[in-house]
Amino acid sequence: MAPVTAGTAPPRRETFTVAQHPVPAFVLEAPAGEGAERRVQVTTYAADPWGAALNGLADEARFLPLADAVYRAPPKGKRVPEDGTALAGWGKWVIDGGR
């Protein structure tokens, strides 16, 4: 998991669903701007990169964010999503040359 910036709320635990795979996760929120155009970056990591919830996922992907999004955060009202990426799913890997 990435280091937490000073003054940032501690990570919270949630379940992140990828296709039909529920994955225990940590969600980090960090301010990404000031003033009227305030933004918040929300990043989700697997709580246990080696856990059974990620069986079949490539080793490298287990340590990348499951989701990363930037929201515009007006002083009043709900956050508005601006940009983001998320793991959408994974299939079966070929084992032993496909035999």
Side-chain angles (χ1 to χ4, degrees):
M1 188 159 43
V4 177
T5 307
T8 302
R12 66 181 187 272
R13 288 188 73 102
E14 288 187 4
T15 298
F16 183 81
T17 302
V18 181
Q20 283 80 31
H21 303 281
V23 179
F26 288 115
V27 178
L28 301 168
E29 292 192 20
E34 299 293 327
E37 290 299 311
R38 255 180 15 137
R39 287 174 172 60
V40 176
Q41 182 165 5
V42 180
T43 308
T44 304
Y45 291 94
D48 180 5
W50 297 116
L54 296 176
N55 281 350
L57 186 63
D59 290 355
E60 299 84 8
R62 293 169 180 263
F63 296 96
L64 297 174
L66 298 171
D68 194 13
V70 175
Y71 294 88
R72 190 171 62 246
K76 293 182 179 178
K78 293 186 175 188
R79 294 178 177 173
V80 178
E82 283 195 338
D83 191 19
T85 62
L87 180 65
W90 62 92
K92 294 186 177 193
W93 287 88
V94 176
I95 300 172
D96 295 331
R99 296 175 209 181

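Just so it is clear, the values below take in all heavy atoms, side chains as well, and ignore hydrogens, waters and symmetry mates.
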For residues 78-87, which side-chain donor-acceptor pairs fall under 3.5 Å, sequence neighbours excluded?
| from | atom 1 | to | atom 2 | distance (Å) |
| --- | --- | --- | --- | --- |
| Arg79 | NH1 | Glu29 | OE1 | 3.3 |
| Arg79 | NH2 | Glu29 | OE1 | 2.6 |
| Glu82 | OE1 | Arg39 | NE | 2.7 |
| Glu82 | OE2 | Arg39 | NE | 3.3 |
| Glu82 | OE2 | Arg39 | NH2 | 2.9 |
| Glu82 | OE2 | Arg72 | NH1 | 3.4 |

**Asked** Taking all non-hydrogen atoms of both residues, which atom of Ala46 and which atom of Val23 are closest, and how far apart?
**Response** CB-CG1, 4.2 Å
**Shortest non-hydrogen contact between Ala73 and Val40, atoms and distance** = CB-CG2, 3.9 Å
**Message:** Once rounded to the nearest 0.5 Å, what's the spacing between atom CZ of Phe26 and atom CZ of Phe16?
**Reply:** 15.5 Å
**Message:** For Ala69, give me all partners under side-chain contact (heavy atoms from CB on, under 4.5 Å), at least two apart in sequence or on another chain.
**Reply:** Tyr71
**Prompt:** Pairs in or reaching into residues 13-28: which pass salt bridge (Lys or Arg N to Asp or Glu O under 4.0 Å), with residues at least two apart or in two chains?
**Reply:** Arg12-Glu14
**Request:** Could you check whether the rings of His21 and Trp90 sit parallel, tilted or perpendicular, using 30° and 60° as the cut-offs?
**Result:** parallel
**Asked** Can you list every salt bridge (Lys or Arg N to Asp or Glu O under 4.0 Å) pair that touches residues 60-70, not counting sequence neighbours?
**Response** Asp59-Arg62
**Fill in**
Note: Thr15 and Pro22 closest approach over all heavy atoms is CG2-CB, 3.7 Å
**Separation between CG of Leu28 and OG1 of Thr44, rounded to the nearest 0.5 Å** = 8.0 Å
**Message:** How close do Pro65 and Thr43 get, counting heavy atoms only, and between which atoms?
**Reply:** CB-CG2, 3.7 Å
